[in-house]
**Student:** 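Can you keep this structure in mind? I'll have questions shortly.
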Protein chains: 2
Amino acid sequence: MKINEVSKKYQIASDTLRYWERVGAIPAVSRDSADYRDYDEEDLNWVSFAMSMRDAGVSVEYLIDYISLFRQGSHTVQARKDLLNDQLEMVGERLFKMQKSYNKLKYKAEHYEKIDKDYKGKMGVH
Amino acid sequence: MKINEVSKKYQIASDTLRYWERVGAIPAVSRDSADYRDYDEEDLNWVSFAMSMRDAGVSVEYLIDYISLFRQGSHTVQARKDLLNDQLEMVGERLFKMQKSYNKLKYKAEHYEKIDKDYKGKMGVH
DNA sequence: ATAAACCTTCGAGTCGACTTTAAGGCAAGT
DNA sequence: ACTTGCCTTAAAGTCGACTCGAAGGTTTAT
């Protein structure tokens, strides 16, 4: 699968796909005879994983660390699990915070008049 | 309430509080005789609102637009409500995406061995 | 065979959101 | 009165994450 097809299928800029690969946020993608990227199923799984992580607010730096461990072989499995669980916890907290914010916002939207008083202000406007 | 107290109470950098005020993401804060910021209850409500919005992933730009409408007076109430509902929707989508990502991640963490195969790779490493 | 539409890398540019620095004013303790 | 610490603004700097531009190679359609 060529980069532009991936880009369309996953709704992500091809520049971003190249960028992730360049910095090591996903492993090196397979190439065809012309040295064009040719994403196989495993490559697509990594793209999908990276997208999930980024959507969840995980930094690119973390992905780089994760892939770096991955490349070092199977003796890093525990370290990878630990990293994953750290992130799981952080994402959980973000999620919780967001839910709270969402509820606050929703409340404000539903009770608008009672909450946002008019601007009478401290700048002499009446 | 002075800026550093607010900073500690809400766990937010005082630099950020000044920044938000400077760009208009919150309305101008009250000042004491020495021209020091002296946050009253209303100011704190704005800080709290801005924090919620930022936590929910809403851009500073949006906050600026919102406050700008607010300053223009009560005839902007409907526009403000509309803006708020737009954001509510966007936050809802973000939240949904994050939940999906969180679940994926959780699944991966719980079924680790079955999912992340060892790196045998395309780079000749065995 | 030539143009249009892909693809490549490398380096530089952009953007959002802070964060720091510089230069100085005010305030509380000794 | 002096020192320590908090406050001020304005402008510049940083950081993360892309995003773009230049220069060039490949593939596909006519």
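Just so we're on the same page: letters track the sequence lines, and every chain starts at 1.
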**Student:** Holding to side-chain contact (heavy atoms from CB on, under 4.5 Å), I want the full list of residues that pass it with Asn85(A), two or more places apart in sequence or in another chain.
**Tutor:** Leu88(A), Ala109(B)
**Student:** Strictly by salt bridge (charged side-chain N to carboxylate O under 4.0 Å, His left out), give each pair with a member in residues 17-26 of chain A just once, sequence neighbours left out.
**Tutor:**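 As it turns out, the salt bridge (charged side-chain N to carboxylate O under 4.0 Å, His left out) pairs with a partner in residues 17-26 of chain A, which skip direct neighbours, are Asp15(A)-Arg18(A), Glu21(A)-Arg31(A), Glu21(A)-Arg37(A).
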**Student:** Do Met98(A) and Asp55(B) have side chains that get closer than 4.5 Å, going by heavy atoms?
**Tutor:** no
**Student:** Would you please name every residue forming a side chain to side chain donor-acceptor pair (under 3.5 Å) with Lys104(A), sequence neighbours left out?
**Tutor:**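 Scan of Lys104(A) (side chain to side chain donor-acceptor pair (under 3.5 Å), adjacent residues dropped) gives Ser48(B), Ser52(B).
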**Student:** What's the CD1-P distance between Ile26(B) and dC18(C), to the nearest Å?
**Tutor:** 12 Å
**Student:** Among all residues two or more places apart in sequence or in another chain, which pass the ring-ring contact (aromatic ring centres under 6.0 Å, His included) test with Phe49(B)?
**Tutor:** Trp46(B), Tyr66(B)
**Student:** Please report, rounded to the nearest Å, how far the P atom of dA17(C) is from the CE atom of Met53(B).
**Tutor:**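 Checked: the CE to P distance equals 12 Å.
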**Student:** For Glu61(A), what residues pass the side-chain contact (heavy atoms from CB on, under 4.5 Å) criterion, not counting sequence neighbours?
**Tutor:** Ser59(A), Asp65(A)
**Student:** Give the rounded distance in Å between these two atoms: CE of Met1(A) and P of dC7(C).
**Tutor:** 12 Å
**Student:** Can you tell me the distance, in whole Å, between the CD1 atom of Ile64(B) and the P atom of dC18(C)?
**Tutor:** 11 Å
**Student:** In B/S/- notation, 5' to 3', how is nucleotides 6-19 of chain D contacted by protein heavy atoms closer than 4.0 Å?
**Tutor:** BSBB-------BBB
